[in-house]
Amino acid sequence: MFKKYLSLLILLLMVSAAPALTAEITVYTALEDDELAIYVPAFQKKHPNIKLNIIRDSTGIITAKLLAERDNPVADVVWGTAATSLLIGDEMGMLAGYNPKGIEKVREGMKDGRNQEARWVGIKAYVTGIVGNTIEMPGKNMPMPQSYSDLIKPIYRNALVMPNPASSGTGFLTVSAILQLMGEDEGWKYLDQLHQNIAMYTHSGSAPARMAARGEFPVGISFAYRGFRERDSGAPVTVAFPAEGSGYEVEANALIRKPRIKPEAKTFLDWAISDEAMALYAKVYPIVATDVEVAAPKGWPNDPMSVLINNDLEWAAKNRQRILNEWTRRYDGKSQPR
């Protein structure tokens, strides 16, 4: 009998010592899986009483999901998704204003500057990179492309893979950058030429880098981060930033407008721009939203900001659907089957 009561007492003590989950919040994100494997445990260690229900997909899919759920939102917060997508959501009244703790440290241009209470707050920027296979390219007498102008040379006919901008944030930021750099008339003419060299448009921004790493195609126009990750894992690839300037997008967070906003959602957004979180972001990507000091990773210039174009995020958001409609009309025939 004593042993029975002792076992019951131990069980009660274990239950009382375990942190009780006070809430579960649903988080929509386009952050990479290997990034989430770093960030999520750090949040859970800091806030063990908040469970994160992570829904992860490409930027285009997350954007479409948010818009489809406009009248009956599922997500509590959005984490690390394109600011242009969040600008669209804000125009549709889907975002609630909230200034997370530490917002004053976030750079101008990487947070909502139009509202007293921010509708979106950036955490880092991701950029276009050119990823080349160092075995496949020499075997086909192809030099490593260093610019947008290189990518339309006849030597790369059917050798390139690139993300579809309708389903990939990397694809959209790349197309948007070309149209902004060249002007729309010349930009579409350029994309017509580029299309001649494209073998396939993928539905993921990371896929072209992975395909180049596996030798499926010599060159991928991709998410620069993924190219560096493939290189660091031993794949025979090198990464270049287009000489004319890389397109980029701000990965940002937002609070979803709902009849009941959970306080834990605000706690998460506070943590997501904290010094701790920014230091973690900076370990995997050097362009972050605050002045966290980090040595530029191998392959980046000492000033990572120097590779970026002068990007008009509001123009990109306002014209996003028009650009996607035109791109789809012209080029969707080469898109990867879903």
Side-chain angles (χ1 to χ4, degrees), residues 27-36 54-68 75 77-90 94-95 109-110 120-131 161-180 191 201-210 220-229 241-242 245-254 281 284-285 287-289 307-309 311-325 327-328 331-332 335-336 338:
V27 180
Y28 282 8
T29 183
L31 294 171
E32 295 287 295
D33 286 327
D34 47 11
E35 293 183 81
L36 294 173
I54 301 287
I55 307 297
R56 192 266 161 202
D57 216 314
S58 64
T59 298
I61 301 302
I62 290 293
T63 303
K65 191 171 177 62
L66 285 167
L67 296 178
V77 298
V78 179
W79 180 30
T81 297
T84 50
S85 294
L86 297 180
L87 283 164
I88 294 168
D90 186 31
M94 297 171 59
L95 308 183
M110 294 190 76
W120 62 273
V121 180
I123 56 174
K124 56 192 176 81
Y126 62 104
V127 310
T128 300
I130 303 171
V131 183
V161 277
M162 173 183 165
N164 180 325
S167 51
S168 160
T170 303
F172 180 70
L173 70 86
T174 301
V175 170
S176 173
I178 288 166
L179 296 177
Q180 290 187 57
L191 289 169
Y201 296 104
T202 67
H203 294 295
S204 159
S206 295
R210 290 191 171 107
I221 303 167
S222 193
F223 178 25
Y225 163 81
R226 179 52 56 194
F228 288 122
R229 293 287 291 185
F241 298 102
S246 283
Y248 75 94
E249 175 66 271
V250 174
E251 290 185 327
N253 309 333
Y281 303 147
V284 297
Y285 218 68
I287 304 174
V288 295
V307 305
L308 305 182
I309 68 163
N311 194 7
D312 187 337
L313 291 175
E314 291 195 18
W315 179 88
K318 180 179 178 181
N319 292 282
R320 182 178 185 274
Q321 195 56 55
R322 178 178 63 82
I323 291 168
L324 294 181
N325 290 344
W327 186 94
T328 299
Y331 313 125
D332 198 39
S335 287
Q336 183 181 35
R338 290 185 180 273

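Nothing fancy with the numbering, it's 1 onward along the sequence.
With rounding to the nearest 0.5 Å, the separation of OG1 in Thr84 from CZ in Arg320 is 6.5 Å. Between Trp315 atom CH2 and Leu87 atom CG the span is 14.0 Å, to the nearest 0.5 Å. Taking CD1 from Ile178 and CG from Leu173, the interatomic distance works out to 10.0 Å, rounded to the nearest 0.5 Å. Residue Ile130 holds its CD1 atom at 9.5 Å from OG1 of Thr174, rounded to the nearest 0.5 Å. Between the CZ atom in Arg338 and the CG atom in Asn164 there is a gap of 6.5 Å [rounded to 0.5 Å].
The closest side-chain heavy-atom distance from Leu31 to Lys124 is below 4.5 Å. Side-chain contact check for Tyr285 versus Ile123: every heavy-atom pair is 4.5 Å or farther apart.
For the residue pair Gln180 / Asn311, a side-chain donor-acceptor distance below 3.5 Å is found, with atom types taken as modelled.
Here the closest heavy-atom approach between residue Ser204 and residue Pro163 is recorded as O-CB, 3.8 Å. Between Ile62 and Ile55, the shortest heavy-atom contact is CD1-O, 3.8 Å. Closest of all the heavy-atom pairs between Leu86 and Val78 is CD2-CG1, 4.0 Å. Thr63 and Ser85 get closest at one heavy-atom pair: OG1-OG, 2.7 Å. Considering every non-hydrogen atom in both Ala82 and Thr59, the closest pair reads CB-CG2, 3.6 Å. When all heavy atoms of Gly227 and Val131 are compared, the pair lying nearest together is CA-CG2, 3.8 Å.
Within the 3.5 Å criterion, the main-chain N or O of Thr128 finds a donor-acceptor partner in the side chain of Ser246. Side-chain atoms of Asn253 never come within 3.5 Å of backbone atoms of Gly122 as a donor-acceptor pair (strictly under, hydrogens ignored). Side chain of Ser222 to backbone of Ala209: a donor-acceptor contact under 3.5 angstrom is found.
Taking the six-membered ring where tryptophan is involved, the planes of Tyr201 and Trp327 are perpendicular, since the angle between them exceeds 60° and thus also 30°.
Within the 6.0 Å centre-distance limit, the rings of Phe223 and Tyr126 are counted as a close aromatic pair.
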Inset, instruction - For the pair Met110 and Leu313, evaluate side chain to side chain contact (heavy atoms under 4.5 Å, CB included) and give the outcome as yes or no after the intermediate values. - result: CA-CA 10 Å; Met110 294 190 76; Leu313 291 175; over 6 Å; no

Legend entry - Ile323/Phe172 under side chain to side chain contact (heavy atoms under 4.5 Å, CB included): CA gap, chis, key distance, verdict: CA-CA 9 Å; Ile323 291 168; Phe172 180 70; 4.1 Å; yes

